[in-house]
2 protein chains.
Amino acid sequence: MKLPPLVQSFVLHFGEMGSRWGINRTVGQIYALLYVSPGPLNAEQIVEALGVSRSNVSMGLKELQAWNLVLLKHIPDDRRDYFTTPDDVWLILRTLAEERKKREVDPTLSVLRELLMQTAGSEDERHAQARMAEMHGLIERLTTWYEDVKRLETERLAALLALGAKVTRLLEAKDKVVGLVRPRKGG
Amino acid sequence: MKLPPLVQSFVLHFGEMGSRWGINRTVGQIYALLYVSPGPLNAEQIVEALGVSRSNVSMGLKELQAWNLVLLKHIPDDRRDYFTTPDDVWLILRTLAEERKKREVDPTLSVLRELLMQTAGSEDERHAQARMAEMHGLIERLTTWYEDVKRLETERLAALLALGAKVTRLLEAKDKVVGLVRPRKGG
DNA sequence: CCGTCATTTCAGGAATTTCTGAAATGGCGA
DNA sequence: TCGCCATTTCAGAAATTCCTGAAATGACGG
């Protein structure tokens, strides 16, 4: 692997983190490399930069495409495929959230729904179902919230984040203020 | 593995999902079993329920304890260790979020900070650093938000979730309303 | 101190995942 | 059609992770 020191450290870190993120070392490294590279790279350039086999790079790119984390570009008069990551980190975040939800949450949600439809045959099963219902309820709240906020434009999303927990204060304020501005009929 | 069908399906699902969640099959199964069980279980009971080795259960429980996902209980006149999961699914969610952040986010944040301190020696390194700064900025926003909302009592957190994207409307309303209720001095 | 029981550790085997080189596929121009 | 080049596929090797049984550790009562 021959890369500028800064880039190399970054790439190696993503490789190491790979397993924790549910991807393998090579995939992590390819992503990191594309992310910091000034322009699109082709497979051969990735091979040289990372020192892994051509086929490994091919598989890694395929996986990154399945995650929608990588863009395929074409350069005029060059029939090789070139790859980049989206420039916008917020878009990357959205993609990541969407894909992780699809892989890590949705299957469980659907299993839970299925199991909750069945009839419990014993006291233990009844209890188990109650627990599953709790889990299902929580996941559904979270995903509903997610489906909701993911539609916000980035600017509003950022504003929301910046506000953080202060929104609740706003919520409390609302109740009072609404009373002031629009006194209740029955008041 | 001898378990009521409903429980068995649930346990098997968690086992299969294990790899996607960054834990192994046995750990996933143990967690699922404890989660739906009506009371605490000891290691031997888990061995029987799941049909895995005693040592495997021991390691699995150790890992779950490292994740703070499991509680150690003691039963009078019984010197074996008994285990449960917390009852409150919101607490489980908080723990999960905290631990995943610790393992999956914090290390990257710290590497990014370190790399951003260094001096770029080339144009490519300068560009790489700019990209890292973008990533760092985003992660920091997210973690700041998280640190903020995680302190909310569950009830408020739930209210916040229920509100979802509607908060932004509230935000817009605020600007108007503040004008009405507390007219600016400089008006 | 022992003996007993519960738990942990750990070496090595089993299973799974990752990676590679070689062969296959596919597009394109001559 | 053929040759060329880029990419993909895939069988098996390499690496890693997971799991087990056996031995070690530790706690407790006698």
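So you know, we letter chains A, B, ... as the sequences are listed, proteins then strands, and number each from 1.
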Is the distance from OP1 or OP2 of [N] to the nearest side-chain N or O of [X] less than 4.0 Å?
X: A/Lys62; N: D/dT7; value: no
X: B/Asn24; N: D/dC19; value: yes
X: B/Arg25; N: D/dT17; value: no

State, to 0.1 Å, how close B/Lys166 and A/Asp148 come at their nearest heavy-atom pair, and which atoms those are.
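Result for this residue pair: N-OD2, 4.3 Å.
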
Expressed as a whole number of angstroms, how long is the span from [X]:[atom1] to [N]:[atom2]?
X: B/Glu44; N: C/dA6; atom1: CD; atom2: C1'; result: 10 Å
X: B/Tyr82; N: C/dA6; atom1: OH; atom2: C1'; result: 11 Å
X: B/Leu64; N: C/dT8; atom1: CG; atom2: P; result: 12 Å
X: A/His74; N: D/dT7; atom1: NE2; atom2: P; result: 8 Å
X: B/Asp78; N: C/dT4; atom1: CG; atom2: C1'; result: 15 Å
X: A/Phe83; N: D/dT7; atom1: CZ; atom2: P; result: 7 Å
X: B/Gln45; N: C/dT7; atom1: CD; atom2: C1'; result: 15 Å
X: A/Glu63; N: C/dC19; atom1: CD; atom2: C1'; result: 13 Å

What I'd like to find out is whether the side chain of B/Ile46 reaches to under 4.5 Å of the side chain of B/Leu61, using heavy atoms alone.
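Yes, at least one pair of side-chain atoms sits under 4.5 Å.
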
Quick one, B/Glu134 and B/Leu138 - any side-chain contact, counting heavy atoms below 4.5 Å?
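SC-SC contact between B/Glu134 and B/Leu138 ruled out.
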
Could you tell me whether B/Asp81 contacts a base, only the sugar-phosphate backbone, or nothing, with contacts defined as non-hydrogen atoms closer than 4.0 Å?
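Answer is sugar-phosphate: B/Asp81 comes under 4.0 Å of backbone atoms only.
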
Between the side chains of [Y] and [X], is the shortest nitrogen-to-carboxylate-oxygen separation below 4.0 Å, so that they form an ion pair?
X: B/Lys101; Y: B/Glu98; result: no
X: A/Glu99; Y: A/Arg103; result: yes
X: A/Arg20; Y: A/Glu16; result: no

For A/Ser19 and A/Ser58, take the nucleotide of DNA chain D holding the closest heavy atom to each; which residue's nucleotide lies nearer the 5' end?
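Closer to the 5' end of DNA chain D: A/Ser58.
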
Parallel, tilted or perpendicular: ring planes of A/Tyr35 versus A/Tyr31, cut at 30 and 60 degrees
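Rings of A/Tyr35 and A/Tyr31: parallel, as their planes differ by under 30°.
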
At under 4.0 Å between heavy atoms, how does the protein contact nucleotides 20-30 of chain C? Give one character per nucleotide, 5' to 3', with B, S or -.
BB-----B---

